[in-house]
Amino acid sequence: MAMLGAAGSYHLLALAVWALFIAKVDAQNLVTDDVVVVEGEVATISCRVKNNDDSVIQLLNPSRQTIYFREVRPLKDNRFQLVNFSSSELRVSLSNVSLVDEGKYVCQLYTDPPQEAFATITVLVPPETPTIDADKDVVNEGEEVEFTCSTSGSKPAADIKWLKGDQELQESTSNFEEEEKLFNVTSKLVLRVSRLDDGLPVTCQVEHPAVKDLQAMKDLQAQRYLDVQYKPLVQVTVSYPQGPTREGDTLELTCTANGKPQPTLSWQRLDEEMPERAIISVENLVLESLNKSDNGTYRCRAFNDIGESYDDYLLYVYDVPTTPLPSTTTITSTNIPTITEDSRAGTEVPGSVDHAVIGGVVAVVVFAILCLLIVLGRYFARHKGTYFTHEAKGADDAADADTAIINAEGGQNNSDEKKEYFI
């Protein structure tokens with residue numbers, strides 16, 4: 001029982017001391033802040049006390065050497081300067097910070113027991129200007145080129161991003177090497193190129209928390225311009241005429257080719273010889289006085305060291321339009337020939353002219369029949385007369401009616417020469 005009583009008294013005493021300590025600490029609360037600073041700049045450490053009772057404040061370095069005791073600096077390092085000293089704060093600046101200055105600094109308050117708070121200084125080291133290289137100076141369309149971007153001497157490790165023109169690229173790999181707290185970073189980008197990439201800049205942009213200024217960020221980039229070679233793209237266009245090609249016209253074709261290196265052009269006529277009167281001047285082909293023997297396919301070829309391409313023009317020479325009918329000729333609306341246009345070449349289709357001729361012939365036949373009917377009508381009208389019966393003819397020689405009847409009857413029985421037949 002005695003032993004239990006002694007142990008209980010010990011615990012009560014310990015709780016009392018702890019309560020006094022907590023009350024003391026609450027009464028004098030020592031605080032500080034961590035500091036992040038760029039190499040070469042100034043770091044400021046602040047040791048602050050709440051409700052200080054004139055206890056002594058001092059600042060120690062990571063090696064626990066006293067930097068400042070109250071307002072006195074025992075450490076002979078002129079980079080440390082007193083910014084403010086009072087009963088509630090000890091503030092000290094450290095200029096021209098370097099990596100050796102990193103670590104935990106101790107704010108200490110002489111109380112019973114002493115209080116301590118730790119301020120960690122972290123030093124950021126900006127990366128060096130990056131360099132960019134490529135495994136090929138000149139690349140052909142469809143091939144791959146590998147870019148390498150390197151930057152060194154940063155803390156923490158820098159981030160590298162890639163851009164092609166204004167487009168950010170995601171498919172890259174990065175490697176990090178640490179040497180005496182500093183990082184070397186290398187990033188690789190594999191890019192498959194097209195003709196549209198020729199002349200575009202590939203940019204290696206380095207990003208780091210130590211670099212905030214826009215001008216400084218621009219300095220942390222390197223560029224390499226793409227030199228892409230590609231086979232020609234060819235197009236043949238008609239410079240003249242602007243419409244259907246007819247006999248006697250002059251045809252002028254123009255060939256344009258876009259390629260790198262600059263392509264060489266040539267003209268040919270497929271399956272046949274080029275007409276002797278053809279005039280060729282690099283990209284232009286001129287055919288004067290066209291005729292149907294010129295019909296065929298004309299090809300412009302363009303070739304360089306990468307490859308070749310071509311474009312064809314199909315020539316069809318149409319007949320010269322026929323002379324229109326005189327304005328005095330009258331044709332009914334149902335017989336007006338319709339001229340249709342060939343949607344491909346914008347010219348008259350020869351079959352439509354045959355229909356027009358047939359329509360004209362039909363119109364002439366109809367007109368002739370009408371004229372014949374008119375002539376026949378006039379003929380019958382001209383031979384129309386008065387026809388008498390046999391009784392009426394007897395009356396012409398009779399003195400009276402009885403005699404006329406007798407003459408008529410006698411005429412019927414005795415004279416065949418006076419008979420008339422009517423149809």
Side-chain angles (χ1 to χ4, degrees), residues 127-152 154 157-177 184-208 211 214-239 253-268 270 280-285 297-313:
E128 296 180 1
T129 302
T131 59
I132 186 172
D133 294 303
D135 63 346
K136 299 175 184 176
D137 293 329
V138 180
V139 58
N140 294 341
E141 181 179 25
E143 294 182 348
E144 290 183 343
V145 57
E146 183 179 82
F147 293 93
T148 302
C149 179
S150 301
T151 183
S152 59
S154 65
D159 292 327
I160 296 178
K161 72 177 183 179
W162 293 90
L163 296 94
K164 182 181 71 174
D166 296 329
Q167 176 188 2
E168 184 174 350
L169 306 174
Q170 302 295 335
E171 298 180 359
S172 61
T173 57
S174 297
N175 296 318
F176 306 90
E177 294 181 359
N184 301 325
V185 183
T186 300
S187 179
K188 293 184 179 294
L189 171 71
V190 177
L191 184 64
R192 186 179 297 276
V193 299
S194 71
R195 67 183 60 215
L196 299 178
D197 297 326
D198 183 46
L200 288 180
V202 174
T203 305
C204 162
Q205 176 69 55
V206 178
E207 296 182 344
H208 194 271
V211 182
L214 292 178
Q215 183 58 47
M217 292 177 66
K218 291 181 179 179
D219 293 338
L220 288 179
Q221 62 179 226
Q223 284 187 336
R224 187 74 176 258
Y225 286 85
L226 289 167
D227 188 354
V228 182
Q229 294 190 338
Y230 48 92
K231 72 177 185 178
L233 281 180
V234 186
Q235 184 180 22
V236 174
T237 56
V238 180
S239 301
L253 302 179
T254 300
C255 179
T256 56
N258 180 24
K260 188 177 180 182
Q262 184 65 33
T264 301
L265 303 181
S266 67
W267 288 93
Q268 66 180 117
L270 299 187
I280 300 176
S281 57
V282 189
E283 71 273 11
N284 292 327
L285 169 63
T297 301
Y298 294 81
R299 172 172 294 179
C300 175
R301 292 178 59 249
F303 55 92
N304 57 18
D305 294 338
I306 311 304
E308 71 171 75
S309 300
Y310 62 85
D311 191 23
D312 292 338
Y313 174 78

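Just so you know, residue 1 is the first one in the sequence shown, and it goes up from there. Below, each value reflects all heavy atoms present in this structure, side chains not excepted, and no hydrogens, waters or symmetry copies.
You'll find the side chain of Asp305 reaches within 4.5 Å of the side chain of Pro261, heavy atoms only. The side-chain heavy atoms of Asp197 and Tyr230, taken from C-beta on, include no pair separated by under 4.5 Å. Side-chain contact between Cys300 and Tyr310 is absent, with no heavy-atom pair separated by less than 4.5 Å.
Without hydrogens or angle criteria, Arg192 side chain to Glu143 main chain gives no donor-acceptor distance under 3.5 Å. No donor-acceptor distance shorter than 3.5 angstrom exists from the side chain of Asp312 to the backbone of Thr297, with no hydrogens or angles considered. For the pair Glu177 (side chain) and Ser152 (backbone), a donor-acceptor distance under 3.5 Å is absent. Trp267 contributes a side-chain N or O that, together with a main-chain N or O of Val282, makes up a donor-acceptor pair within less than 3.5 Å. Between the Arg195 side chain and the Pro232 main chain, no donor and acceptor come within less than 3.5 Å of each other.
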**Prompt:** Going through the distances and angles, do Ser194 and Val228 end up as a side chain to side chain contact (heavy atoms under 4.5 Å, CB included)?
**Reply:** CA-CA 7 Å; Ser194 71; Val228 182; over 6 Å; no
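Around atom CG of Asp219, more than 12 heavy atoms belonging to other residues, nucleotides or ligands sit under 6.0 Å away. The local environment of CZ in Phe303 is crowded, with over 12 non-hydrogen atoms from other residues, nucleotides or ligands closer than 6.0 Å.
Only one option out of Asn258, Thr254, Asp311 pairs with Gln235 in a side chain to side chain contact (heavy atoms under 4.5 Å, CB included); it is Asp311.
Take Lys260 and apply the side-chain hydrogen bond (donor to acceptor under 3.5 Å, both in side chains) test, not counting sequence neighbours, and it matches Asp198, Asp227.
Among all heavy-atom pairs drawn from Pro127 and Leu220, the shortest one is O-CD2, 3.6 Å.
Salt bridge absent: Asp133 and Lys188 never bring a charged side-chain N and a carboxylate O closer than 4.0 Å.
Defined by atom type and a distance below 3.5 Å, a donor-acceptor pair is missing between the side-chain atoms of Thr151 and Glu128.
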